[in-house]
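What you see is a predicted model, and the numbers here were worked out from it, not measured in a lab. Throughout, a chain's letter reflects where its sequence line sits, starting with A, and its residues are numbered from 1.
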Protein chains: 2
Amino acid sequence: MGLTKTQIFNTRQNQLAIIFKVLAHPARIAILQYISNQKECICNDIVDEIGLAQPTISQHLKELKSIELIQGEIEGKKVCYCINLKKWKEVQVLLNTFFDQTKFNCC
Amino acid sequence: MGLTKTQIFNTRQNQLAIIFKVLAHPARIAILQYISNQKECICNDIVDEIGLAQPTISQHLKELKSIELIQGEIEGKKVCYCINLKKWKEVQVLLNTFFDQTKFNCC
DNA sequence: ATTTATTATCGTAATATTGCAATATAAAAA
DNA sequence: TTTTTATATTGCAATATTACGATAATAAAT
């Protein structure tokens, strides 16, 4: 096994799980925090800041891009990574909806 | 490798990542939704509801318990699992703080 | 006391994730 | 054109996660 049985869950449940999974790494949390506080957010600066190898950071950035939480704008040989504010807020609403929809009937 | 370098991140970043990781599975999302909408939240009912084997559900419940999102009360040979409302709200606040603290200086 | 019912734990196979060296790609600088 | 700089991709080793059969543990029912 080792394979999540996504087919037995609904779209919303799988969507939430994917979002949580992308956020489930301290490096990706740190990258998001760093990007959001910089005026110039260049990949190479992130490598210096975080302390992981360049390919590792590149891979984490790819995962953050996969759910569009960040977007990269090519500027010559550099890439400026930025928070996708629209998606960021959408995700926050989605997570809050999940937390608010629990009804606590039990115990 | 395959081992997350937690030591290079701060406590808050690691704490957030752990919470996100616990929530990063559709079965655990489904379990939380199911528990929160039942008056009687018995482990065996969860097994019937979700469609994964009993040991698998038991393992997922253990992970949810590990960050105290749920608590289990033994009732004879059954166990009543409930949302830990205090922790639930704490986690929601923690996640919202993370989302609100991004400042979007860039781009 | 034995059986039945409910949940937890162990062991293990399959798959996923993490991290990095090596290398590729692409654009600017020399 | 060659070199340098910045980022992405590939390939791989180490570790983690997912799922489940087998089994243990515990309490109720017979």
Distance check needed: dA28(C) C1' versus K78(A) NZ, whole Å only. 11 Å
Is any side-chain N or O of H60(B) closer than 4.0 Å to OP1 or OP2 of dT17(D)? no
Quick one: closest heavy-atom pair of C80(A) and I42(A), and the distance? CA-CD1, 4.0 Å
Separation of dT17(C) C1' from E63(A) CD (nearest whole Å): 8 Å
Rounded to the Å, how far apart are E49(A) CD and dT7(D) P? 15 Å
Nearest-Å distance, CG (L23(B)) to P (dT17(D))? 14 Å
Is it true that a side-chain atom of T97(B) and a backbone atom of V93(B) form a donor plus acceptor pair closer than 3.5 Å? yes
Would you say the side-chain atoms of S66(B) pair up with the backbone N or O of E63(B), donor to acceptor, closer than 3.5 Å? yes
H25(B) side chain, from C-beta outward: closest of dT18(D), dT18(C), dT7(C): dT18(D)
When the distance from CG of L64(B) to P of dA8(C) is rounded to whole Å, what number comes out? 12 Å
With the side chain defined as heavy atoms from C-beta on, K65(A) is closest, among dA16(C), dA19(D), dA8(D), to dA8(D)
Taking atom P of dT6(C) as reference, at what distance in whole Å does atom CD of E73(B) sit? 18 Å
Output yes when at least one side-chain N/O atom of K21(A) is less than 4.0 Å from OP1 or OP2 of dT17(D), else no. no
Rounded to whole angstrom units, what separation is found between the CD1 atom of I50(A) and the P atom of dC20(C)? 12 Å
Counting N and O atoms only, with roles assigned by atom type, does the side chain of N84(B) sit under 3.5 Å from a partner on the main chain of E68(B), one being a donor and the other an acceptor? yes
Sugar-phosphate or base contact per nucleotide [nucleotides 20-30 of chain D; S, B, -; heavy atom under 4.0 Å]: BBB----SS--
Say you draw a straight line from CD of Q59(A) to NE2 of H25(A); how long is it, rounded to the nearest 0.5 Å? 9.5 Å
Determine the contact category for T4(A): base if any of its heavy atoms lies under 4.0 Å from a base atom, sugar-phosphate if only primed atoms, P, OP1 or OP2 are that close, otherwise nothing. sugar-phosphate
Are OP1 or OP2 of dA8(D) and a side-chain N or O of Y81(A) less than 4.0 angstrom apart? yes
Whether W88(B) side chain and F99(A) backbone form a donor-acceptor pair below 3.5 Å: yes
Residues E90(A), L94(A); criterion side chain to side chain contact (heavy atoms under 4.5 Å, CB included); working and verdict: CA-CA 6 Å; E90(A) 265 175 42; L94(A) 206 66; over 6 Å; no
How close or far is atom P of dA16(D) from atom CD1 of I18(B), stated in whole angstroms? 13 Å
Which nucleotide, dT7(D), dT7(C), dA8(D), lies nearest any side-chain atom of N44(B)? dT7(C)
